Visitor: 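Below is one structure. I have some questions about it.
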Amino acid sequence: MAKTMAVNAGSSSLKFQLLEMPAEQVIAQGVIERIGMDDAIVTIKYGADVQGERLIGHLEEDDEHITLSKNGKGKKYENVLAIKDHQQAINFMLQKLTDLGIIQDFNEITGVGHRVVAGGEWFNHSVVVTDSVLEKIDRLADYAPLHNPANAMGIRAFQKLLPDALSVAVFDTSFHQSMPEENYLYSLPYEYYTRYGARKYGAHGTSHRYVAARAADMMGKDLSALKLITLHLGAGASITAIKDGKSLDTSMGFSPLAGVTMATRSGDVDASLVYYIQEREGLTNDEMLTILNKKSGLLGLSTISSDMRDLLDVQDTNDHAKLAVKIFVNRIIKYVGQYIAEMGGVDALVFTAGIGENSAPVRKMIIDRLSYFGIELDADANQTRGQEIEISTSSTHVKALLIPTNEELMIARDVEALK
């Protein structure tokens with residue numbers, strides 16, 4: 001069987017998953033963090049059930065070792081070393097996959113799928129990477145300046161080392177290209193749309209697409225017959241209304257900054273307020289964007305942490321933490337209510353991503369606020385973490401589902417479909 005690699009390249013990180021296809025079996029996954037530093041951290045998990053294993057071990061700088069999981073099946077390789085750029089990171093990773101016996105030869109990898117955040121209006125589906133495609137990804141850097149340049153860098157680095165492997169770009173925005181004009185256009189002079197592409201593009205499309213399909217399977221219904229609201233709640237968070245199997249509307253906008261409150265992103269803010277603060281603080285555009293992207297959200301409101309777990313732990317004694325959690329839930333409720341109205345009803349809410357998959361308290365707060373729509377929480381089922389399960393009662397009118405996202409699998413499937 002062929003091996004396909006799903007890749008998510010960040011500005012200083014590289015996440016990957018290696019799958020046996022078409023069996024869809026994960027044989028290795030890992031991450032290289034702090035690329036460009038003398039103490040880059042490499043972690044590779046492999047062996048039995050690498051997705052579900054709890055792996056143990058302690059890592060010190062300049063240490064290299066392999067540890068076994070608690071049940072003795074899976075393994076984890078770890079190392080701390082200097083890695084100057086993405087090219088060196090990918091070269092090290094591929095060589096280490098060979099050294100560990102995960103692959104015998106680079107040529108076993110016949111396809112590489114790359115997550116790309118912004119595809120603009122050029123891409124409404126995944127595509128084989130050509131020079132023209134790469135040029136467009138570069139040109140779309142202004143739409144996702146924190147992501148697209150790194151995504152393009154990862155594509156070029158893999159192409160250099162695996163020239164014979166099929167290279168595929170999978171866009172976060174492509175799923176949302178089905179939105180109608182009334183949902184993706186802003187109420188600005190129309191010429192800004194025609195000149196600059198000023199519109200809503202959304203994000204997390206690969207995740208929303210995956211969990212929507214799994215929700216239909218769990219409910220035993222055709223996706224095209226369902227009205228779903230998918231809640232991708234992690235450090236980045238977005239809500240999507242899915243009708244007839246397509247994205248009807250989504251909370252993120254021109255960039256991933258818009259929408260609900262997130263870990264460090266503000267979500268929706270009045271543009272006049274941004275200007276007002278910027279003028280009085282004497283901030284440059286870049287400084288203001290940094291505040292909105294990296295110092296706001298849960299972190300800015302709570303003043304202590306961007307991690308929902310930290311805030312839940314102290315919300316009973318810390319008013320700022322309690323308020324941050326309340327605002328996080330409040331913004332989600334507003335979008336869910338809006339989307340129920342847009343679709344004329346809803347069949348299921350789908351929770352996914354870090355908070356959505358693992359935080360029973362947050363799911364309960366959201367569902368309790370929506371009980372009048374016909375959703376009733378199963379308290380015992382809601383204690384589940386990271387597993388596919390219905391968390392609403394069997395008699396409820398609207399279902400609530402917990403579905404772990406699997407963007408890497410969707411990327412691998414898209415690569416296979418284009419071979």
Side-chain angles (χ1 to χ4, degrees), residues 10 13 31 33 54 146 203-204 207-208 211 229-240 250-253 255-270 273-274 277 288-338 349-371 375 377-387 389 391 400-405:
S13 66
V31 61
E33 303 170 90
R54 176 175 171 80
L146 301 179
H204 296 144
S207 174
H208 290 293
V211 298
I229 297 177
T230 50
L231 298 92
H232 180 107
L233 307 179
S238 63
I239 318 296
T240 296
T250 194
S251 60
M252 284 183 168
S255 77
L257 177 58
V260 298
T261 301
M262 299 173 235
T264 62
R265 296 177 195 151
S266 65
D268 295 334
V269 177
D270 185 335
L273 177 59
V274 173
I277 294 171
M288 191 69 233
L289 278 175
T290 295
I291 290 170
L292 293 171
N293 275 296
K294 298 183 178 181
K295 298 182 179 180
S296 300
L298 296 176
L299 175 62
L301 288 165
S302 71
T303 74
I304 57 171
S305 177
S306 63
D307 193 312
M308 178 61 75
R309 292 168 295 187
D310 295 339
L311 304 185
L312 291 172
D313 284 344
V314 300
Q315 66 173 337
D316 291 338
T317 56
N318 185 301
D319 289 342
H320 284 287
K322 184 177 182 179
L323 178 62
V325 174
K326 287 177 67 176
I327 289 176
F328 180 81
V329 172
N330 172 273
R331 302 305 189 263
I332 292 167
I333 296 300
K334 288 182 177 180
Y335 269 98
V336 170
Q338 173 186 328
L349 298 183
V350 183
F351 292 87
T352 194
I355 298 171
E357 294 171 24
N358 297 295
S359 181
V362 170
R363 292 193 300 260
K364 183 179 187 307
M365 282 185 273
I366 293 169
I367 292 173
D368 284 352
R369 290 278 302 276
L370 297 168
S371 59
I375 310 174
L377 183 68
D378 182 321
D380 291 335
N382 188 47
Q383 297 308 309
T384 304
R385 296 180 58 189
Q387 297 180 33
I389 190 173
I391 57 174
L401 307 174
L402 188 168
I403 302 177
T405 192

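Numbering starts at 1 and runs along the sequence shown. It should be emphasised that the depicted structure is a prediction, and the values quoted were computed from it without experimental measurement.
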Visitor: Would you confirm whether T264, through its side chain, and G297, through its main-chain N or O, come within 3.5 Å as a donor-acceptor pair?
Guide: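 No, T264 side chain to G297 backbone: no donor-acceptor pair under 3.5 Å.
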Visitor: Closest heavy-atom contact between F351 and G356?
Guide: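 That closest heavy-atom pairing would be CB-O, 3.5 Å.
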Visitor: What distance separates L349 CG from L370 CG, expressed to the nearest 0.5 Å?
Guide: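 L349 atom CG to L370 atom CG measures 6.0 Å (nearest 0.5 Å).
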Visitor: With a 4.5 Å cut-off on side-chain heavy atoms, are L312 and R309 touching?
Guide: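 Heavy-atom side-chain distance check fails, nothing below 4.5 Å.
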Visitor: Quick one: does L298's side chain get under 4.5 Å of D307's, heavy atoms only?
Guide: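 A side-chain contact under 4.5 Å is absent here.
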Visitor: So, H232 versus S207: side-chain donor-acceptor pair below 3.5 Å or not?
Guide: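 Yes, because at least one side-chain N or O of H232 sits under 3.5 Å from a partner of the opposite role on S207.
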Visitor: Give, for atom CZ of R363 and atom CG of L231, the distance between the pair rounded to the nearest 0.5 Å.
Guide: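 Between R363 CZ and L231 CG, I get 11.5 Å after rounding to 0.5 Å.
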Visitor: So does G259 get a backbone contact from the side chain of D268, meaning a donor-acceptor N/O pair under 3.5 Å?
Guide: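 At least one qualifying donor-acceptor pair exists.
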Visitor: So, taking the atom named CZ in F328 and the one named CG in L233, what distance separates them when rounded to the nearest 0.5 Å?
Guide: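 Interatomic distance, F328 CZ to L233 CG, rounded to 0.5 Å: 5.0 Å.
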Visitor: Within the supplied structure, the quantity of interest is the number of heavy atoms (other residues, nucleotides, ligands) at a distance under 6.0 Å from D270 CG; does it exceed 12?
Guide: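 Buried by this count: over 12 neighbours within 6.0 Å.
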Visitor: Could you pull out the closest heavy-atom pair between L301 and H320, with the gap in Å?
Guide: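 Minimum heavy-atom separation between L301 and H320: O-ND1, 3.6 Å.
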Visitor: Give a yes-or-no answer on whether the side chains of S238 and H208 include a donor-acceptor pair shorter than 3.5 Å.
Guide: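 A pair is found: one side chain offers a donor N or O, the other an acceptor, under 3.5 Å apart.
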Visitor: Quick one: pull up CD in Q315 and OG in S302 and give me the separation to the nearest 0.5 Å.
Guide: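 OG of S302 is found 12.0 Å from CD of Q315.
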Visitor: Compare every heavy atom of T384 with every heavy atom of A381, then report the nearest pair and how far apart it is.
Guide: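 Scanning both residues completely, I find the closest heavy atoms to be O-OG1, 2.8 Å.
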Visitor: Side chain of N293, backbone of L289: donor and acceptor closer than 3.5 Å?
Guide: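 Pair found, side chain donor or acceptor close to backbone of L289.
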Visitor: Are any side-chain N or O atoms of T352 and backbone N or O atoms of I403, one a donor and one an acceptor, separated by less than 3.5 Å?
Guide: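 Yes.
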Visitor: Drop me the distance from Q387's CD to L402's CG, to the nearest 0.5 angstrom.
Guide: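 Taking CD in Q387 and CG in L402, the distance rounds to 8.5 Å.
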Visitor: Measuring from N330:CG to L323:CG, what's the distance to the nearest 0.5 Å?
Guide: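 Spacing of CG (N330) from CG (L323) equals 10.0 Å.
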Visitor: Please answer whether the main-chain N or O of I391 pairs with a side-chain N or O of N382 as donor and acceptor at a distance below 3.5 Å.
Guide: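 No, because the side chain of N382 does not come within donor-acceptor range (under 3.5 Å) of the backbone of I391.
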Visitor: Output yes when a side-chain donor or acceptor of S266 lies under 3.5 Å from a complementary backbone atom of T261, and no otherwise.
Guide: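 Absent.
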Visitor: Between A237 and S251, what is the shortest heavy-atom contact and its length?
Guide: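 Of all heavy-atom pairs spanning A237 and S251, the closest is O-OG, 4.4 Å.
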Visitor: So do D378 and I389 actually touch side chain to side chain, heavy atoms under 4.5 Å?
Guide: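 No, too far: nothing below the 4.5 Å cut-off.
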Visitor: Is any side-chain heavy atom of R369 less than 4.5 Å from a side-chain heavy atom of V336?
Guide: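 In short, these two side chains do not touch, never coming nearer than 4.5 Å.
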Visitor: Given the rule in the side chain to side chain contact (heavy atoms under 4.5 Å, CB included) test, do I304 and L311 qualify, once you have shown the distances and angles that lead to the verdict?
Guide: CA-CA 8 Å; I304 57 171; L311 304 185; 3.8 Å; yes
